[in-house]
Structures are given as structure tokens and as C-alpha cells.
Asks: 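Pasting a structure here, questions to come.
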Protein chains: 2
Amino acid sequence: MRYSHMRDEGRPETMPTLERVSSRSGFDVSRLPVAACMRFARNTEIFGEDDRAEYLYTVRTGAVRGYKLLSDGRRQIEAFYLSGDVFGITAGDRHHCSAEAVVNSSILLVKRSTVEALAARDPQLARSLWISAAERLEQAQEHLLLLGRKNAHERLAAFLLDMAARCGATRNPIELPMSRQDIADYLGLTIETVSRMLTDMANTAMIELPSSRRVLLRDAAALSRVNC
Amino acid sequence: MRYSHMRDEGRPETMPTLERVSSRSGFDVSRLPVAACMRFARNTEIFGEDDRAEYLYTVRTGAVRGYKLLSDGRRQIEAFYLSGDVFGITAGDRHHCSAEAVVNSSILLVKRSTVEALAARDPQLARSLWISAAERLEQAQEHLLLLGRKNAHERLAAFLLDMAARCGATRNPIELPMSRQDIADYLGLTIETVSRMLTDMANTAMIELPSSRRVLLRDAAALSRVNC
DNA sequence: CGGGGCATTGAGACCCGTCAACGGGCGTGG
DNA sequence: CCACGCCCGTTGACGGGTCTCAATGCCCCG
């Protein structure tokens, strides 16, 4: 599958703008003394593979995709980051993946150097750094199981249940911020297969699709059964 | 693919035995004051999914597989841990995957409670914990790209190059500690496909197979090209 | 020599990818 | 206001890469 030609930028509504923030506005890693907040328009890059990793990031509003590309344009989305999620974690001084805003997003940034300096004096902070890395690792490992061993139906079921849990188990239908292409690249499938699985699930009354970006989970138990 | 019936235990040569060790014998996370060393026979469990995560582990000699199972027996190996690798990292107090010795192995253990207590006073140690989690995360993300977007040939090429780099770039041929089933479960394939890809690569003079567990990389450049 | 575990090989089936056409929503501009 | 174009998603036909099933071979060890 080659679709580098599809890496369209849509229509970025605004350029990233910087806005200082008094912080302590809920950075998940810990309450931190200083942070910047930036707005990223839909489909704009937050950082690229091999960029210097100067910041840690937290989603305040919106959604972000982290991904890798192969030289021929194949893309694997490693994770979607939603409100409250930390991303940009890396061991070295460079990022090992790229990140883009899926929709217009507001992102909190904290300098890694600041965080690390603080962590050297604050065991609580150091611990929460380690915890958030370990959490991302667990998520990645669940994702490995999905990509390595689940079929298309199971992948979609897992994805929908996960999104439902993260987007707020309360509100139904789920409002998906990402396109079919994003979903496909997250699940290791093609847009066509994603589309077919969704219509299958709608036909078997597991879900309803009020619109292409809205999914109502009609029979979550059945979805769980599909998901193994 | 169902092969829970294949989860044979082989013939464990010895039961795990405990042997105290003065430690500081190269625990990658850092020089640590106390550690235990245990021997695990081939195919014996080191910890299981949902076990309480009491220890951090480092491979001294041998090889370990970390994996998850689906209810119907499908298995995904998340990583192979070789000499020097840290595993058993988790955010919560329980493991989220299982670990077994691939071959008879000698494993260093350190109590998590000890490590965390020390980390609270030793920023260097705290940092190395975070680093090792982040490194594992990067490895997992590379693995995601492989499982989500690479074909069987590319997966095998990536696997062989990775093993060559890790097992010691010097010695050729590589001595693989794991079976075809292990490789298949690591790469999200079947043993038959793994076998076919290897014979293909042998037929095209990219590799040689002196025995099923030994692989000589005859044309690493060609392998790199296959790996994208 | 016989047996078991592991790996290889072949034939056929199937899931999903590829290619192509169509449709629907929405903004733009005539 | 409506036509048009663009983006995105859906649907269908078809082919191919990988899985499944089965038989055979190899090697070690009893």
C-alpha cells in the first residue's frame, strides 16, 4: 500500500500560535512550574522523526497522532493522543516518531531539560515520568497483540471499545476525530477494509453509524466478544 | 491460527534455583546494592500475566520471551530479551504480559520496592529507570511498524538484522536461541511462512542456513534493502 | 531402530489488499 | 440559488499474500 500522495494537509485553519500559560493546568506527569501552550491546526506537524526532543507534550484539547513512515510512504500510527495524554517520550535526545494534530488542538509543552532538572530533585516527579513511560509501553504492547494476531473484525472492535472508554464512556455516540485513513493506519489495515468492517458491524446491529465520524455502540457486549 | 496445544513445555532440564549474588554484576538499570540471581530452565515461566510485579529482571545469560495470549491460544511475542536486557517493566503493581525462558537462562532479579525506594533518593537511578522504559517503548514502536505495515519478507529481514546486531555483529553465523514458532509469534506470522521466507532468502543467496538455528548473513546490504 | 520434537514443503482456501467506480457532504463561485 | 469540484467514505470485482491442512524429512536421544 502506497499513499504518500494522500498525505494531504487538508486546509489548515490557523498556523501554530504560542500562548503563555501560568501552567499547573493539569499536566498529567505532575504539577509543573512552567509550561507553554500552543495551538496546532488540523494536520500540522508537532514534531518530526529525528527532530531534537526538546519538549514533553500533553494534549489539552484536540487529538494527536504519533506515527512512523517507511521510505515508500507506508504509515503506521502508533497511538492517538487525546485530552490529558502525554506524548513525545523518548530515551535519547531525538524523537523516534512524528506527531501531527488530527484536529485543531491545544497542546501543553514543557522543556525536557526543565523536567529532567526538576526530576533530579523531585522523586515524585521522577516517578511519574517513569510511570507515564511505562503506561505508554503497556499500551504499545496491547497494540502489538492487535497488529500481530487479530483479524480485521477484532481490530475494529478493539478500536471502538478503546475509543469509547477514552472519549468518555458516558457519551454515546462516540465522536471520532480521525479519518478512515488514520484508523486504517492505526490498525494496520486499509480504508476499504475499515469501511467494510464498520458496515458489517452496522448490519449485524453491533453499532450504528449516524454519520461517518459518529459511532453508536449498540451492543458493546457483542463487540467485546468479537475482541476475544 | 490456534495452537494452544503446542504450548508444550519441552523438557525442562532443571527447576529454577535461587542463588544469592553479591550483585553489582552489571545490572543495566544501574549498579544496585542487592540482587538475586535465578536460573530458569528452557520454557519455564518467569512471571505470568497479572502476577504481582515484585521484581525487575535483567538477563545475565540466555534468552527470554515476553508475550501475551488471546483466549483462543493465539500468542504475540512482544520482545526477546537477551543478555543485558531489562524486562518486567510495568506502571502498575501487576505484570501485563508473561515471560518465559527461551533457553536455560540466568536472570538477575531486584525487588521493585527496593529499586523504587532507592530511586526516590538517587536521581541517577530514577533517570536510568525512565530511560530503560523509554528504550523499551521505542523498541515496541519499531515493532508496531513491522507488524502493521511490513510483509513477510521484510519482517524476516528486519528480524535477522536485529538479531545480528544484538547477538554480536561480529560472530557470524547468528545462533538463534528461539524456535520457528517463537519467531513466527514475534513477527505475527506462521511457522510455515517463516520457513518459506528463510528458504527463499537462502535460494537468493541473501543468507545461508547451516542448520535451522544458525543463520549466516551472506548479503546484509540486500537484507537492509528488503527491510525498506 | 524407533519415537518425538522441530522444520520444511506442497496444495488449496481465504482474508484482506488493490483497483476502480460511485456517492454524499460541503464550501465556493457563477 | 444551484452547479460544480473536492474530499472523504462506501461498495464491488478481482487477485495475491499468507494461512490452513497435511505429508514428509531431519536430528537428537532413548
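The chains referred to below are lettered A, B, ... by the order of the sequence lines, with proteins before strands, and numbering in each begins at 1.
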Asks: Whole angstrom is fine here: how far is it from CG in Leu156(B) over to P in dA7(C)?
Replies: 13 Å
Asks: To the nearest Å, give me how far apart CZ (Arg155(A)) and P (dC16(C)) are.
Replies: 8 Å
Asks: Show the numbers, then the answer: is there a side chain to side chain donor-acceptor pair (under 3.5 Å) between Asn172(A) and Arg214(A)?
Replies: CA-CA 9 Å; Asn172(A) 218 342; Arg214(A) 248 188 302 272; over 6 Å; no
Asks: In whole angstrom, what separates Ile191(A)'s CD1 from dG17(C)'s P?
Replies: 11 Å
Asks: Considering only dA7(C), dG10(C), dC8(D), which nucleotide approaches the side chain of Arg196(B) most closely?
Replies: dG10(C)
Asks: Tell me, with the steps shown, if Lys150(B) and Asn227(B) meet side chain to side chain contact (heavy atoms under 4.5 Å, CB included).
Replies: CA-CA 8 Å; Lys150(B) 292 187 183 179; Asn227(B) 186 32; 2.8 Å; yes
Asks: From the list dG17(C), dT10(D), dC19(D), which nucleotide is the closest neighbour of the side chain of Thr190(B)?
Replies: dC19(D)
Asks: For Arg213(B), which contact category applies under a 4.0 Å heavy-atom criterion: base, sugar-phosphate, or nothing?
Replies: sugar-phosphate
Asks: CZ of Arg214(B) versus P of dA7(C): gap in Å, rounded?
Replies: 13 Å
Asks: If you check every side-chain atom of Arg180(A), which of dT10(D), dC21(D), dC8(D) has the closest atom?
Replies: dT10(D)
Asks: Could you check how far CE of Met178(B) sits from C1' of dC6(C), rounded to whole Å?
Replies: 15 Å
Asks: Can you tell me the distance, in whole Å, between the CZ atom of Arg149(A) and the P atom of dC15(C)?
Replies: 17 Å
Asks: What is the separation between atom CD on Glu154(A) and atom C1' on dC15(C), rounded to the nearest whole Å?
Replies: 12 Å
Asks: Distance alone, cut at 3.5 Å: any donor-acceptor contact between the side chains of His95(B) and Glu49(B)?
Replies: no
Asks: Could you tell me the separation between the CD atom of Gln181(B) and the C1' atom of dC6(C), rounded to a whole number of Å?
Replies: 10 Å
Asks: Is there, by distance only and without an angle test, a donor paired with an acceptor across the side chain of Glu192(B) and the base of dC21(D) below 3.5 Å?
Replies: yes
Asks: Side chain of Arg75(A), backbone of Asp185(A): donor and acceptor closer than 3.5 Å?
Replies: no
Asks: Between dT18(C), dC16(C), dT9(C), which nucleotide has the shortest distance from any of its atoms to the side chain of Ala152(A)?
Replies: dC16(C)
Asks: What's the closest nucleotide to the Thr193(A) side chain, out of dG17(C), dC19(D), dC21(D)?
Replies: dG17(C)
Asks: Would you mind classifying the nucleic acid contact of Thr199(A) as base, sugar-phosphate or nothing, using non-hydrogen atoms under 4.0 angstrom?
Replies: sugar-phosphate
Asks: Under a plain distance cut-off of 3.5 Å, with no hydrogens placed, do Thr90(A) and Glu138(B) share a side-chain donor-acceptor pair?
Replies: yes
